[in-house]
Visitor: 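Handing you a structure now.
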Amino acid sequence: MGNTLNCCVCPKWGWHRSRVWPCESEICEAATGNTAPVAPVPAAVESTEFAFEAVESFHVHHIHDREMPEDRALEPNPSDDPRASTIFLRKYQTDVQEKRKSRCTNHLSTKPLTTKYSSCSTIYLDDSTVSQPHFTTTIKSVALAIYYHMKKRDADKSLDIFDEQLHPLTRGKMPKEYFECVPEHKFIYRFVHVLFKATNLTAEFAIVTLIYTERLLSYAEIDLCPTNWKRIVIGAILLTSKVWKDVTIWNREYCKLFVNASIEDINELERQFLQLIDYNIKVSGSVYAKYYFDLRSLAKDNSLHLPFYLLNKERAQNLQAVSRVEDTKIFYSATMRRSFSADNFITLQLSKAIIS
């Protein structure tokens, strides 16, 4: 994967043939759903040629040896720097400010949402954590982030490899309005949800998928628009499963999800996605946590509430048991480090005695 002349990234893991795939009609239905009409924006696809670096020697450089371009290092990227604000949250906040101005002009009032709050006698908890996010709510939040990316996009800058008009995913011809209108949130959610169920990915992979998506948009300086959002999401999911999943699937198995996709197309999609993000597949824990909490804020502001549960005696005992297990892991880890250090010290002393 570090060689820039490779056509694609070969998977290192096998695939379980016993996996149950959704029927072809379900995938096609999710890929060709109805969209709600929004103000049409003319799509302008800008073609770009990719320059390949000449290999001067047989030495293959590692991915981490690639230097960050100077113009990109000047301004922090949200997918790399935990201090930078996420792009989708900034676009959402811009949309909220515009709606507030419109409400003030039209003298419209909104009623506050009724939520549950913890008190001295009652404590409400949800089952979503950073390490194990709630699946449905996370997928809905990621779909909502994709929606605001398209709704508040600056232009329609794209690349040919991501253009669904040039690389259709279905055999049927899509109407012109399909590539001009921003799809509804429920349609985006259904498409992403079907893909995650088909590839057997959990909620944390959805967060990494969003990180890779925003990294691509920032590095390649393109926009998420109705003509390219599906193929960009497919490329991000494909890369996420290859990098972070222990047992992933082959590229040819993705072709079963889309009847009009070929193995050559999927390979080229993956290769160009990696090249456009400069092979930067690293996601730090701080960046992941930032995206997780920003998605929670987005879900709360849009009434995508997590299911709350009253903390009863049984749940408190389960939480205490989980806490004890984690404390035991930390204790044994620290003990192993201390014993390893002691063994090294004894070995060093013996070697000094033999030399003297």
Side-chain angles (χ1 to χ4, degrees), residues 1-15 31 45-69 72 77 79-80 146 157-169 192 195 198-199 201 205 208-225 227-283:
M1 190 164 62
N3 192 347
T4 58
L5 297 182
N6 284 346
C7 180
C8 63
V9 179
C10 298
K12 299 181 181 179
W13 304 282
W15 177 68
V45 180
E46 182 178 350
S47 61
T48 304
E49 295 181 0
F50 298 95
F52 294 91
E53 300 176 358
V55 179
E56 298 179 357
S57 63
F58 292 98
H59 175 68
V60 179
H61 295 280
H62 195 268
I63 293 176
H64 297 288
D65 296 336
R66 300 176 62 92
E67 296 182 357
M68 186 69 68
R72 191 173 298 151
N77 190 286
S79 62
D80 300 323
I146 295 173
K157 294 183 293 184
S158 183
L159 297 173
D160 291 345
I161 187 61
F162 302 119
D163 194 347
E164 194 177 347
Q165 294 175 308
L166 302 177
H167 305 278
L169 299 173
V192 178
L195 278 178
T199 53
L201 295 177
F205 292 97
V208 179
T209 297
L210 182 60
I211 295 175
Y212 283 158
T213 300
E214 292 203 345
R215 184 171 296 173
L216 174 71
L217 300 179
S218 301
Y219 282 27
E221 297 181 352
I222 60 177
D223 301 292
L224 207 62
C225 49
T227 58
N228 65 5
W229 74 272
K230 283 185 179 180
R231 292 182 60 84
I232 289 179
V233 170
I234 293 172
I237 293 176
L238 176 65
L239 185 59
T240 301
S241 62
K242 289 285 186 68
V243 176
W244 299 99
K245 190 173 176 59
D246 294 333
V247 179
T248 185
I249 63 176
W250 298 92
N251 285 4
R252 62 173 176 267
E253 304 301 339
Y254 279 88
C255 300
K256 296 181 180 180
L257 302 176
F258 307 98
V259 294
N260 208 40
S262 61
I263 182 62
E264 293 80 12
D265 181 29
I266 298 297
N267 289 343
E268 184 68 13
L269 177 66
E270 179 187 3
R271 186 187 66 80
Q272 292 199 24
F273 198 109
L274 276 168
Q275 185 180 7
L276 288 170
I277 65 174
D278 291 337
Y279 299 91
N280 182 13
I281 58 176
K282 179 182 178 181
V283 176

Visitor: Identify the two heavy atoms, one from Ser241 and one from Tyr254, that lie closest to each other, and give their separation to 0.1 Å.
Guide: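 Scanning both residues, the minimum pair turns out to be OG-OH, 3.1 Å.
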
Visitor: Is there side-chain contact between Ile146 and Val233, with at least one heavy-atom pair below 4.5 Å?
Guide: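 With C-beta onward as the side chain, the pair touches.
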
Visitor: Return the CD to CD1 distance between Glu268 and Ile161, rounded to the nearest 0.5 Å.
Guide: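 Interatomic distance, Glu268 CD to Ile161 CD1, rounded to 0.5 Å: 5.0 Å.
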
Visitor: Checking side-chain contact (heavy atoms from CB on, under 4.5 Å) between Leu216 and each of Ile232, Leu274, Leu224, which is the one that passes?
Guide: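 Between Leu216 and the candidates, side-chain contact (heavy atoms from CB on, under 4.5 Å) is satisfied uniquely by Ile232.
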
Visitor: Could you check whether any side-chain heavy atom of Leu276 comes within less than 4.5 Å of a side-chain heavy atom of Tyr219, counting everything from C-beta outward?
Guide: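 No, too far: nothing below the 4.5 Å cut-off.
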
Visitor: Could you tell me the separation between the CD atom of Glu164 and the CZ atom of Phe258, rounded to the nearest 0.5 Å?
Guide: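 Rounded to the nearest 0.5 Å, the CD-CZ separation comes out at 9.0 Å.
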
Visitor: Would you check if Leu169 and Asn260 make a side-chain contact, meaning some heavy-atom pair closer than 4.5 Å?
Guide: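 No, too far: nothing below the 4.5 Å cut-off.
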
Visitor: About how many Å separate CD1 of Ile234 and CH2 of Trp229, when rounded to the nearest 0.5 Å?
Guide: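 Between Trp229 CH2 and Ile234 CD1, I get 8.5 Å after rounding to 0.5 Å.
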
Visitor: Counting C-beta onward and ignoring hydrogens, is there a side-chain heavy-atom pair between Phe162 and Thr227 closer than 4.5 Å?
Guide: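 Of all side-chain heavy-atom pairs linking Thr227 with Phe162, none is under 4.5 Å.
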
Visitor: Can any side-chain N or O of Asn267 pair as donor or acceptor with the backbone N or O of Ile263 at less than 3.5 Å?
Guide: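 Such a contact is found between Asn267 side chain and Ile263 backbone.
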
Visitor: Would you say Cys255 and Ile266 make side-chain contact, with heavy atoms under 4.5 Å?
Guide: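 Touching, per the 4.5 Å side-chain cut-off.
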
Visitor: Can you tell me how far CD1 of Ile249 sits from CG of Leu238, rounded to the nearest 0.5 angstrom?
Guide: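 Spacing of CG (Leu238) from CD1 (Ile249) equals 8.0 Å.
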
Visitor: Quick one: does Tyr212's side chain get under 4.5 Å of Ile281's, heavy atoms only?
Guide: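 Tyr212 vs Ile281: side chains touch.
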
Visitor: If the condition is salt bridge (charged side-chain N to carboxylate O under 4.0 Å, His left out), which residues does Asp223 pass it with, not counting sequence neighbours?
Guide: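 In terms of salt bridge (charged side-chain N to carboxylate O under 4.0 Å, His left out), with neighbours along the sequence ignored, Asp223 is linked to no residue.
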
Visitor: How long is the straight-line distance from CD of Gln165 back to CG of Asp160, given to the nearest 0.5 Å?
Guide: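 So the CG of Asp160 and the CD of Gln165 are separated by 10.5 Å.
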
Visitor: Under a 4.5 Å cut-off applied to non-hydrogen side-chain atoms, are Lys242 and Asn251 in contact?
Guide: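 A side-chain contact under 4.5 Å exists here.
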
Visitor: Determine yes or no for a side-chain-to-main-chain donor-acceptor pair under 3.5 angstrom, with Asp278 supplying the side chain and Asn280 the backbone.
Guide: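 No, Asp278 side chain to Asn280 backbone: no donor-acceptor pair under 3.5 Å.
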
Visitor: What residues form a side-chain hydrogen bond (donor to acceptor under 3.5 Å, both in side chains) with Thr209, not counting sequence neighbours?
Guide: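 Partners of Thr209 by the side-chain hydrogen bond (donor to acceptor under 3.5 Å, both in side chains) criterion, ordered by chain and then number, come out as Thr240.
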
Visitor: Rounded to the nearest 0.5 Å, how far apart are CG of Leu239 and CH2 of Trp244?
Guide: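 Those atoms lie 10.0 Å apart.
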
Visitor: Taking side-chain hydrogen bond (donor to acceptor under 3.5 Å, both in side chains) as the test, write out the residues that go with Arg231, two or more places apart.
Guide: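 For Arg231 the side-chain hydrogen bond (donor to acceptor under 3.5 Å, both in side chains) partners, ignoring immediate neighbours, are Asp265.
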
